[in-house]
There are 2 protein chains.
Amino acid sequence: MSQGNTRVTPQVVNAEACPIREVLDRVVGKWSVPILIAAGHGPIRFTELERGIEGISRRMLTLTLRNLERDGLVTRTVYPTVPPKVEYALTPVARELHATLTNLTQWAERHRVSIAESRARYDEIHDPEQIPA
Amino acid sequence: MSQGNTRVTPQVVNAEACPIREVLDRVVGKWSVPILIAAGHGPIRFTELERGIEGISRRMLTLTLRNLERDGLVTRTVYPTVPPKVEYALTPVARELHATLTNLTQWAERHRVSIAESRARYDEIHDPEQIPA
DNA sequence: CTGCATCCTGCCGGATACTG
DNA sequence: CAGTATCCGGCAGGATGCAG
């Protein structure tokens, strides 16, 4: 970076310069999307997230929630009852993102078959070795 | 996964079950978004991508392009000239995604300041150690 | 110009166990 | 219920060098 290359083809916007990248890396993290979507339906409890997001570990759920809270994307509300109860909810900023993320998952759902096919075709051509029976 | 937990709170759609996750992981990869956006303006050459996407290594550019090609999201056209010339372009499937990704980056740009502030505030509260002068 | 092969490192993220 | 702490393997991804 900053190797004196200020001139960039207008075609190739450097829209991905450092600051944006950092933000995107956050939202784009492996578990951020599922969490943001699950929390989009309203306040949700820790365990509900854990059970709702197939495959997530308690550790990553906690870590990702902390990061999202840190970035002001979710709020964390502790009810000092016993047993403890904690609810997570999207902030307005994150709620703006919800539609976009929904689009993303819908796109994935629409094309997941054709993508899988494309992948299989590619592998067969470029790596005609034994496909695991 | 598949640990016998079929019942899920309706609130927490398991929209993130395995197949979708795989697709999302691909698109959501660190360098996929910049590449898809840069290529969205039309066919683009390897070096243009390399110079346009600040911070990407030649290795990751190649790898990510291969994966995108494998999934049928970009096409690779080789012009047998000398020196060689290769152009990458989005497939229709990927072009559907372009608007969504643009939304994503615009959102990031809109909120990157407030997110940075939120982060700083959080750190100051939860980790009042020396902030790098 | 457009790549692939290799080496090497960090950190992502799973498994497990312990607390308030 | 809602976490935190620790250990540890795998792989994402940078650096470098070579090739068609």
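So you know, we letter chains A, B, ... as the sequences are listed, proteins then strands, and number each from 1.
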Do the non-hydrogen side-chain atoms of B:Arg26 and A:Arg119 ever get within less than 4.5 Å of each other?
yes
Rounded to whole Å, how long is the line connecting atom CZ of B:Arg26 with atom P of D:dC11?
13 Å
Point-to-point distance, once rounded to the nearest 0.5 Å, from CD1 of B:Ile115 to CG of A:Asp71
5.5 Å
To the nearest Å, give me how far apart CD1 (B:Ile44) and C1' (C:dC1) are.
15 Å
Would you compute the distance between atom CG of B:Leu97 and atom CZ of A:Arg110 and round it to the nearest 0.5 angstrom?
9.0 Å
May I have the distance from B:Leu49 (atom CG) to C:dC1 (atom P), rounded to whole angstrom?
14 Å
Using a cut-off of less than 4.0 Å, is there contact between a side-chain N or O of B:Lys30 and OP1 or OP2 of D:dC11?
no
Between D:dG14 (P) and B:Ile53 (CD1): distance, integer Å:
12 Å
Can you list everything that forms a side chain to side chain contact (heavy atoms under 4.5 Å, CB included) with B:Val86? Sequence neighbours excluded, please.
B:Arg76, B:Val78, B:Tyr88
Please identify which of these residues, B:Thr100, B:Leu24, B:Val93, meets the side-chain contact (heavy atoms from CB on, under 4.5 Å) condition with A:Trp107.
B:Val93
Please report, rounded to the nearest Å, how far the P atom of D:dA12 is from the CE atom of B:Met60.
8 Å
As an exercise, state the distance from CD1 of B:Ile35 to CG of B:Asn67, rounded to the nearest 0.5 Å.
9.5 Å
Could you tell me how far apart B:Arg21 (CZ) and C:dG14 (C1') are, to the nearest whole angstrom?
15 Å
Might you list the N or O atoms of the protein lying below 3.5 Å from N or O atoms in nucleotides 2-6 of chain D, with each pair's distance?
residue : atom : partner : partner atom : Å
D:dA2   : OP1  : A:Arg45 : NE           : 3.1
D:dA2   : OP1  : A:Arg45 : NH2          : 3.1
D:dA2   : OP1  : A:Val86 : N            : 3.3
D:dA2   : OP2  : A:Thr47 : N            : 2.9
D:dA2   : OP2  : A:Thr47 : OG1          : 2.2
D:dG3   : OP1  : A:Arg66 : NH2          : 3.1
D:dG3   : OP1  : A:Arg76 : NE           : 3.1
D:dG3   : OP1  : A:Arg76 : NH2          : 2.5
D:dG3   : OP2  : A:Tyr88 : OH           : 2.6
D:dG3   : N7   : A:Arg58 : NE           : 3.3

In this structure, how many angstroms lie between the P atom of D:dA12 and the CD1 atom of B:Ile56, rounded?
15 Å
